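For clarity, every value in this text was computed on a predicted model and none was experimentally measured. Throughout, residue positions are numbered sequentially from 1 according to the sequence presented.
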Amino acid sequence: MTTVGSPNSSLNSSLGRLERYYDAVPRAAARAEDFGPLTLFVRESPGRPYYARPTRDWAGPAATAGDVDRVRARQRELGVPEAFEWVAEVTPALREAVGATGLCAHAHPLMLREDAAVPDPHPLVRVLDADDPSLAGALAVPHVAFAAPGTALGAAGPAELAAEITARAGDLPAAAERVRAGRTVVAAAVEDGVVLSSGMHLPVGGVSEVAGVGTLPAARRRGLALAVTAALVADARTRGVDTVFLSAGDDDVARIYGRLGFRRVATALIAEPGT
């Protein structure tokens, strides 16, 4: 059974809102396939494949390794990643079930933003509209950034970004449509026409997740990711969002987001094959 483990009613309420959000976001671009305690979201438009996660408001037995195996078989049939995402404190038994099938679970601090002042806008950072010439670069930057995890300076820069933009050109029309519809909001730090850092938030009702924040390795240690995040938070406020959250890459990154008023409330888990 899906339960919220904390006795704190305010925290339980917040995690409940996040669970509803996690269930709602994929449905705008994916169909949901029912596997009892698990739901597999299958994207029906161009873009990053979705994942399986606990079924919202499930009142039956907890997911077993057999349930996970059935979902994985369907993912292989569809040719999509064998990926599962969930909140540890909400569905604690799922980690054992996915582990029993050989998947590796990675933990990330799940952080909720408390009411706090937003820093003044950074001169290089702006929110992009669907026709902004920097949108393609903004969508490509995280792929370059996440290929070199961490916060240390690196070699990858404009050349690698240009190659990534070319490789992902087919994704741009659908992404631009999501921006135009307001389902995705993209912010970027742009210098001399080159996107150095970018991220997005995905508003649904009064909740939005900040996601995909990354900086070209060659442009790190300039505070750009924090400035992009601040711009996304400020934009969310203008849209009436009162709950903004994110999953940090690790504890070091979480401490950086703490400067913007984010605090850790739970643990986001991502399970996939590998180590």
Minimal heavy-atom distance between L139 and A175, with the atoms involved, is CD1-CB, 3.5 Å
Does V90 reach the side chain of P54, with side-chain heavy atoms less than 4.5 Å apart? no
Smallest heavy-atom separation, A218 atom then L153 atom, equals O-CD2, 3.9 Å
Taken to the nearest 0.5 Å, the spacing of T39 OG1 from R56 CZ works out to 11.0 Å
Output for pair (L269 CG, L103 CG), nearest 0.5 Å, gives 12.0 Å
Contact between V244 and H201 at the side-chain level, heavy atoms closer than 4.5 Å - yes or no? no
Between the OG1 atom in T229 and the CG atom in L224, the distance rounded to the nearest 0.5 Å is 10.5 Å
In this structure, CH2 of W86 is separated from CZ of R95 (nearest 0.5 Å) by 7.0 Å
Could you go through L161 and V194, starting from their C-alpha distance and side-chain angles, then the distance that decides it, and tell me whether this counts as side chain to side chain contact (heavy atoms under 4.5 Å, CB included)?
CA-CA 9 Å; L161 176 61; V194 177; 4.2 Å; yes
Single-linkage hydrophobic cluster L38~V80, side-chain heavy atoms < 4.5 angstrom: yes
Is the shortest distance from a Lys or Arg side-chain nitrogen in D23 or R20 to a carboxylate oxygen in the other one below 4.0 Å?
no
Self-check item: Side-chain touch V42/L78, heavy atoms, less than 4.5 angstrom
Solution: yes
Consider only side-chain heavy atoms of I, L, V, M, F, W and Y, link residues closer than 4.5 Å, and tell whether V210 and L260 are in one cluster.
yes
In L128, V186, V228, the residue satisfying side chain to side chain contact (heavy atoms under 4.5 Å, CB included) with M200 is V186
Hydrophobic clustering (ILVMFWY, side-chain heavy atoms < 4.5 Å, transitive) - are V68 and L40 grouped together? yes
Smallest heavy-atom separation, D171 atom then G47 atom, equals OD1-N, 4.4 Å
Exercise for review: Give a yes or no answer on whether the side chain of R220 reaches the backbone of A145 with a donor-acceptor pair at less than 3.5 Å.
Suggested key: yes
- Stepwise, does the side chain to side chain contact (heavy atoms under 4.5 Å, CB included) test hold for E89 with L110? CA-CA 10 Å; E89 289 77 3; L110 180 60; over 6 Å; no
- prompt: Is atom CZ of R48 surrounded by more than 12 heavy atoms (other residues, nucleotides or ligands) closer than 6.0 Å?
  reply: no
Q) Is the count of non-hydrogen atoms from other residues, nucleotides or ligands lying under 6.0 Å from E96 atom CD greater than 12? A) no
Taken to the nearest 0.5 Å, the spacing of H122 NE2 from R222 CZ works out to 7.0 Å
### Query
Out of curiosity, does L202 fall in the hydrophobic cluster containing M111 (side-chain heavy atoms, cut-off under 4.5 Å, transitive links)?
no
The reported gap from CG in L112 to CG in L246 (rounded to nearest 0.5 angstrom) is 9.0 Å
For A100 and A65, the nearest pair of non-hydrogen atoms, with its separation, is CB-CB, 3.9 Å
Query raised in the report: Does the side chain of R259 reach to within under 4.5 Å of the side chain of L226, using non-hydrogen atoms?
Result: yes
Minimal heavy-atom distance between A176 and A130, with the atoms involved, is O-CB, 3.4 Å
Closest non-hydrogen contact found for V125 with A227 is CG2-CB, 3.9 Å
inquiry  = Quick one, V213 and S198 - any side-chain contact, counting heavy atoms below 4.5 Å?
reply    = no
So, S134 and R126: side-chain donor and acceptor under 3.5 Å apart, yes or no? yes
R72 side chain vs T101 backbone, donor-acceptor pair below 3.5 Å: yes
*R17 vs D242 side-chain heavy atoms within contact, under 4.5 Å*: yes
> Can you hop from V87 to V204 via hydrophobic side chains spaced under 4.5 Å?
Replying inline: yes
Do V190 and V195 have side-chain heavy atoms sitting under 4.5 Å apart?
-> yes
Please examine the side chains of F41 and R53, heavy atoms only from C-beta on, and report whether any two atoms are closer than 4.5 Å. yes
Notebook entry, point to check: Any ion pair linking R76 and E82 (charged N to carboxylate O, less than 4.0 Å)?
Noted result: yes
message = Between Q75 and V71, does the side chain to side chain contact (heavy atoms under 4.5 Å, CB included) criterion hold? Intermediate values first, please.
response = CA-CA 6 Å; Q75 290 170 320; V71 175; 4.0 Å; yes
Ring centroid separation F245 to Y22 under 6.0 Å:
yes
